[in-house]
Amino acid sequence: METKQLERSLTLGSVVLFGLAYMTPIIVLGTFGILAQMTDGMVPASYLVALVAMLFTAYSYGRMAAAFPVAGSAYTYTRKSIHAKLGFLVGWAVLLDYLFLPMAIWLIGAAYLASAFPSIPMAVWVIAFIVFTTLINIIGLKMANTVNYLMMLLQFLVLLAFVALSIHYVAGDASKPLWNLAPFFRGDMKLPMIMAGAAVACYSFLGFDAVSTLTEETRDARHTIPRAIMWITIIGGLIFVVTSYFVQLAHPSSQFKSVDDAAFEIAKNIGGDLFASIFLIGLIVGQFASGLSAQASASRLLYAMGRDAVLPPSIFGKLHARFRTPVNNLVICGVVALLALKLDVTTSTSFINFGAFLAFSFVNLSVIAHYYVRQRRRAPRDFFLFLLFPLIGMLADLWLLVSLDSRAIMLGLIWLALGIAYLAKLTGFFRREPPELDFVEAEG
């Protein structure tokens, strides 16, 4: 297991697909009830706010991926543009997101399956998710990419059917107009509620930044990754806004029999029991596809930190000689996901976005530090590209971060404190710099 080079096999289409699969577009239906309750029936407004905020951050990710086309994502960008110790802490915050996200994804899928098949313990479904996704990712991204194509097709078909049935349902009721601004703007809307909803809605956008960890496996990464990041954000955001708009029209109320199962209630209303069953299948497939992508991205972030000796390189910095994938890290992600056997969905997802928003903020700051400060790119056009746009993105991310519930912020701060303690140990109480990442790839 000594191979030092990841195989460059991914094209623009493959990377976009990978990011969309990570997003799990059908999750807009799975979380609809929660967002509807938080925003008092204005889910599309929250998704629109989240999309605008994420576009600025996606732009910054693209700029940094072009500057540093290597694995490591926000961790690499911050340490190379600002400071090595800050880079470590950002990487630690990203781990909060990446390590626990696969667990949350598999737990949600297992919960739906357990409700559909109550005779089978949920633990069986959790373990099945972990085993199958780990094996596919060990074989390699080519295999994962093929599986993603099939699962993405099914997701989009279910989403299209849900939207079509919602439109048919609304069109058949004269009291419900097909075009209505109420889901986006109302006289009694409350901005803090919309922002709180947007902070949760951003959970659905995490795929755009995940693909930046695949730069060392992408052809012409300097051009492909920035384009892919923007396309993923735009396509995913439009899917979320359009879908939530028509579903909100079909069910304008924010009241449900069960918030967690709101989409099932709506599916039965617009399409009957048969469609509700089809929706369940699509949601489970979406969770599997998302878990596949999330585990792959987490393993590659661990690989970047292990190769840097920030984490023990003998464990985290190795690639399998045959498959050229970070097998140790894939297995570690699977072991962490076993915590799902002891946690519920709410606990496992409550603090994921803390790490994401913190990382997003520093990526925006990295653009300013790298291009505007270090390279002194200060022409009139550069003022917008390298200062104003990333500054807007950073402020939007920080606003979303403080809009999280207090429990999420508390758990995130505890995780960050643990990272500071580990960094102190690693650097002799901050007297030394963390080891530098070797960006020179082996030829072959």
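What's counted below: heavy atoms across the whole structure, side chains too, no hydrogens, waters or symmetry copies. Quick note: residue numbers are just sequence positions, from 1.
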Query raised in the report: Going by heavy atoms in the side chains, are Leu404 and Phe357 under 4.5 Å from each other?
Result: yes

Query raised in the report: For Phe240, does its backbone N or O pair with a side-chain atom of Thr243 as donor and acceptor, under 3.5 Å?
Result: no

Requested in this report: Say whether Asn137 and Ser299, considering side chains only, have a donor N or O and an acceptor N or O under 3.5 Å apart.
Outcome: no

Query - Pairs satisfying salt bridge (charged side-chain N to carboxylate O under 4.0 Å, His left out), at least one member in residues 380-396, at least two apart - result: Arg377-Asp382

Query raised in the report: Can you check whether Leu413 reaches Phe354 side chain to side chain, under 4.5 Å on heavy atoms?
Result: yes

Query raised in the report: Is the distance between the ring centroids of Tyr245 and Tyr47 under 6.0 Å?
Result: no

Query - Check: Trp106 and Gln287 side chains under 4.5 Å, non-hydrogen atoms - result: no

Query raised in the report: Rounded to the nearest 0.5 Å, how far does CG of Asp397 lie from CZ of Phe362?
Result: 11.5 Å

Query raised in the report: Around atom CG of Leu178, are there more than 12 heavy atoms of other residues, nucleotides or ligands at under 6.0 Å?
Result: yes

Query - Under the side chain to side chain donor-acceptor pair (under 3.5 Å) test, residues paired with Thr78 that sit two or more places apart - result: none

Query raised in the report: Is the backbone of Leu10 close enough, under 3.5 Å, to the side chain of Arg219 for a donor and an acceptor to pair up by distance?
Result: no

Query raised in the report: So, Gln155 side chain and Ile26 main chain: donor-acceptor pair closer than 3.5 Å or not?
Result: yes

Report task. First locate atom OG1 of Thr224, then atom CG of Asp220, and finally report the distance between them rounded to the nearest 0.5 Å. Result -> 4.5 Å

Report task. Report yes or no: does Thr325 contribute a side-chain atom to a donor-acceptor pair with the main-chain N or O of Ile138 at less than 3.5 Å? Result -> yes

Query raised in the report: Has the side chain of Asp97 got a donor or acceptor atom that lies under 3.5 Å from a matching backbone atom of Gly355?
Result: no

Query raised in the report: With a 4.5 Å heavy-atom cut-off, do Ile315 and Ile332 have their side chains touching?
Result: yes

Requested in this report: Determine the interplanar angle of the Tyr59 and Phe389 rings, folded into 0 to 90°, and report it as parallel if under 30°, tilted if 30 to 60°, perpendicular if over 60°.
Outcome: perpendicular

Query - Ser14 and Thr11: CA distance, side-chain angles, deciding distance, side-chain hydrogen bond (donor to acceptor under 3.5 Å, both in side chains) verdict - result: CA-CA 5 Å; Ser14 300; Thr11 62; 3.2 Å; yes

Requested in this report: Mark yes when over 12 heavy atoms from residues, nucleotides or ligands other than Phe132 sit less than 6.0 Å from its CZ; otherwise mark no.
Outcome: no

Query raised in the report: Okay, side chain of Arg432, backbone of Leu426: is any donor-acceptor separation there less than 3.5 Å?
Result: yes

Report task. For the residue pair His251 and Phe256, categorise the inter-ring angle as parallel (less than 30°), tilted (30 to 60°) or perpendicular (more than 60°). Result -> parallel

Query raised in the report: Looking at OG1 of Thr233 and CG of Leu20, how far apart are the two atoms once the value is rounded to the nearest 0.5 Å?
Result: 9.0 Å

Query raised in the report: Could Arg186 and Asp40 be called an ion pair, given the rule that one side-chain N must be under 4.0 Å from one carboxylate O?
Result: yes

Query raised in the report: Do any N or O atoms from the side chain of Asn364 and from the backbone of Phe360 form a donor-acceptor pair under 3.5 angstrom?
Result: yes

Query raised in the report: Is there a side-chain contact between Tyr61 and Ile232 (heavy atoms, below 4.5 Å)?
Result: no

Requested in this report: Could you tell me whether the side chain of Val241 reaches within less than 4.5 Å of the side chain of Phe184, counting heavy atoms only?
Outcome: yes

Query raised in the report: Leu302 versus Leu99: any side-chain heavy-atom pair under 4.5 Å?
Result: yes

**Report entry** Main-chain N/O of Trp92 paired with Trp415 side-chain donor or acceptor, under 3.5 Å
**Finding:** yes

Report task. Evaluate the side-chain contact (heavy atoms from CB on, under 4.5 Å) criterion for residues Lys85 and Glu433: first the C-alpha distance (whole Å), next the side-chain angles of each, then the deciding distance (0.1 Å), finally the verdict. Result -> CA-CA 7 Å; Lys85 293 186 179 71; Glu433 294 295 311; 2.6 Å; yes

Query raised in the report: Does Leu400 reach the side chain of Cys202, with side-chain heavy atoms less than 4.5 Å apart?
Result: yes

Query raised in the report: Counting distance only, does the side-chain N/O of Tyr371 pair as donor-acceptor with the main-chain N or O of Arg63 below 3.5 Å?
Result: yes

Query raised in the report: Judged by atom type as modelled, is there a donor-acceptor pair below 3.5 Å linking the side chain of Gln375 to the main-chain atoms of His370?
Result: no

